[in-house]
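Data first, discussion second: the structure below is written as structure tokens.
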Amino acid sequence: MVKFEQIKGFVFDLDGVIADTSIYHGKAWHQLADELGVTWTEQLGNDLKGVSRMDSLELILKTGGKENDYTLEEKEKYAAEKNTNYLNLLKDMDQSAILPGMADFIRSLEEHDYKLSLASASKNSPLVLEQLGLAQYFKNRIDPSTLKHGKPDPEIFARGAEVLGLKPEECIGLEDASAGVKSINGAGELSVGIGDPEILHEADINFTDTSQVTLDNIKKAMDVMEMS
Ligand code: G6P
Ligand code: MG
């Protein structure tokens with residue numbers, strides 16, 4: 001069992017962990033699902049979290065039984081359309097979109113000399129970090145276009161530790177998506193799930209919202225894990 005004192009780095013998801021952009025991703029996909037005639041459900045919204053742009057489109061089409069109805073060219077057009085809608089929703093986004101407590105948490109990690117990296121599947125993450133005013137904290141980023149496999153595959157979180165020069169067991173991964181928690185666990189890092197504990201039941205530690213994510217609370221939760 002890993003001890004709090006062994007932890008040297010934190011690997012962050014972005015959408016739904018640092019910023020409330022997962023709501024915008026959901027809105028933009030919902031809009032496209034309506035256009036494609038695929039029924040939108042809360043479950044579909046949750047399953048899409050953490051999933052890459054093209055894989056998300058494939059999942060929506062599969063859910064509607066339409067996986068064989070479109071050519072690759074048409075799918076690329078729909079994926080681009082979703083991204084345009086998403087970018088429109090982001091236009092006026094600023095620091096107020098940082099989720100409660102996350103700016104303080106990120107600053108406290110820096111003050112305590114932890115290393116930080118970003119493991120977001122989003123190709124828009126550089127833009128989002130800039131708009132949030134947090135780019136300077138995340139100089140270590142995984143470019144999702146260099147990945148062989150998306151979440152839930154462990155690749156992105158494994159790379160998140162690697163870029164910091166750390167072993168997976170020296171890192172904590174933070175996620176709001178079930179696919180992301182699976183990726184952290186597969187990479188051998190300690191997983192912190194943020195959101196509904198039923199959906200994120202595979203996480204080592206769960207917080208229902210970002211305001212609970214503090215170094216103190218993580219230490220307390222790890223101490224409890226160690227004792228049990
Ligand atoms: C994140 C979000 C997903 C999104 C994916 C790709 O993982 O949680 O909702 O589909 O990134 O984002 P992109 O901005 O590249 O379309
Ligand atoms: Mg997320």
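Because only heavy atoms are used, hydrogens play no part in the values below, and waters and symmetry mates are left out as well, while side chains stay in. Keep in mind that this is a model prediction, so the values were computed, not measured. Counting from 1, the numbers follow the sequence of the chain as shown. When a ligand or atom number is given, it counts from 1 through the structure's own listing order.
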Salt bridge check: are [X] and [Y] linked by an N-O gap of less than 4.0 Å?
X      : Y      : result
Glu175 : Lys49  : no
Asp216 : Lys219 : no
Glu202 : Lys182 : yes

So, does [X] use its side chain to make a donor-acceptor pair with the main chain of [Y] at under 3.5 Å?
X      : Y      : value
Glu155 : Lys148 : yes
Asp204 : Ser191 : yes
Asn140 : Leu164 : no

Using a 4.0 Å heavy-atom cut-off, say whether [X] meets ligand 1 through its side chain, its backbone, both or neither.
X      : value
Asp13  : neither
Lys123 : both
Ser122 : both

Residue pair Glu42 / Asn46, side-chain donor-acceptor N/O under 3.5 Å: no
Please list the nearest protein heavy atom to [atom] with its residue and the distance rounded to 0.1 Å.
atom                    : result
atom 10 (O) of ligand 1 : Val51 O, 2.7 Å
atom 9 (O) of ligand 1  : His25 CG, 3.5 Å
atom 16 (O) of ligand 1 : Arg53 NE, 2.7 Å
atom 1 (C) of ligand 1  : Asp15 OD2, 3.2 Å

Of all the atoms in ligand 1, which lie at a distance below 4.0 Å from a heavy atom belonging to [X]?
X      : result
Asn124 : 13 (P), 14 (O)
Gly50  : 2 (C), 3 (C), 7 (O), 8 (O)
Ser56  : 10 (O)

Quick one: is the NZ or CZ of Lys66 closer than 6.0 Å to the six-membered ring centre of Tyr70, and within 45° of its axis? no
Nearby protein N/O/S atoms (those under 2.8 Å) for the Mg ion (ligand 2), with water ignored: Asp13 OD2, Asp15 O, Asp176 OD1
List in chain and number order the residues that pass salt bridge (charged side-chain N to carboxylate O under 4.0 Å, His left out) with Glu81, two or more places apart in sequence or in another chain; answer none if no residue qualifies. none
Residues in side-chain contact (heavy atoms from CB on, under 4.5 Å) with Pro154, at least two apart? Ala187
Min N/O separation Lys49 to ligand 1 under 3.5 Å: no
Sequence neighbours excluded - ring-ring contact (aromatic ring centres under 6.0 Å, His included) pairs with any residue from residues 112-156: Phe10-Tyr114, Phe12-Phe138
